[in-house]
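Here the structure is a predicted model, which is why all the values come from computation and not from measurement.
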Amino acid sequence: MYAIIAIAVAIGAAIALGGGNLQFSLYLVALCGMGMLATTGVVVSEDTFGPVADNAAGIAEMSGEFHGEPERIMVSLDAVGNTTKAVTKGFAIGSAVIAAVALFASFIEISVNEIFPATRSTPPRTRHAACSTCSRSTSPTRRCSSAC
């Protein structure tokens, strides 16, 4: 539940920081996802450690020497393994949700622009005449500045 709240707050903050500009807000949402993915090395190492710690108690129990102090240590390792697996799964889901929001918003924006193309409100720029010697663009009131 806390991960869902954190993701919603991050997306909401990114949209609010956009100041009403939808494209900039979606860019900030994508940057939020990139920020989450910046710690991928730590998450992958935790994801590797989780199953090792989680399976330690099972391996020790199968050996038959699972009582006293080793049992207490292994049960603690089992709890740590379960926690790290859950945290890394939540992180992976969170970063995937943010990436999906950014990609879906980009898809919608491009689709809308393709279906409803923007009309030009300003007339197209007029091209200046070209110099007859070197073909560089010149204004009607001035000659080519290069030594052609």
Original post:
Considering only heavy atoms from C-beta outward, does the side chain of Leu17 approach that of Phe24 to under 4.5 Å?
Top reply: no

**OP:** Begin from the C-alpha positions of Phe91 and Thr39 and carry the test side-chain contact (heavy atoms from CB on, under 4.5 Å) through to its verdict.
**Re:** CA-CA 10 Å; Phe91 184 87; Thr39 59; 3.4 Å; yes

Subject >> Hydrophobic cluster identity match, Val80 and Val87, side-chain contacts under 4.5 Å >> reply: no

Original post:
So how far is it from Glu109 CD to Glu114 CD, rounded to the nearest 0.5 Å?
Top reply: 11.5 Å

**OP:** Would you please test Leu28 and Ile15 for side-chain contact (heavy atoms from CB on, under 4.5 Å) and show each step?
**Re:** CA-CA 7 Å; Leu28 291 176; Ile15 291 172; over 6 Å; no

**OP:** Check the hydrophobic clustering (I, L, V, M, F, W, Y; side-chain heavy atoms under 4.5 Å; chains of links allowed) and say if Phe107 and Ile115 are grouped together.
**Re:** yes

Subject >> Separation between CG of Leu103 and CG of Leu26, rounded to the nearest 0.5 Å >> reply: 11.0 Å

Subject >> Separation of Arg72 CZ from Leu77 CG (nearest 0.5 Å) >> reply: 10.0 Å

**OP:** Mind checking the CE-CG spacing from Met36 to Leu31? Nearest 0.5 Å is all I need.
**Re:** 14.0 Å

**OP:** Identify the heavy atoms of Ala92 and Ser95 that sit nearest to each other, and give their distance.
**Re:** O-OG, 3.1 Å

Subject >> Separation of Ile108 CD1 from Asn113 CG (nearest 0.5 Å) >> reply: 11.0 Å

**OP:** Please confirm whether the backbone N or O of Thr84 pairs with a side-chain atom of Thr88, one donor and one acceptor, at under 3.5 Å?
**Re:** yes

Subject >> same_hphob_cluster(Val112, Phe104) at 4.5 Å side-chain heavy-atom cutoff >> reply: yes

Original post:
Hey, what do you get for OH (Tyr27) to SG (Cys32), rounding to the nearest 0.5 Å?
Top reply: 13.0 Å

**OP:** Check the surroundings of atom CD in Gln23: do more than 12 heavy atoms from other residues, nucleotides or ligands lie under 6.0 Å from it?
**Re:** no

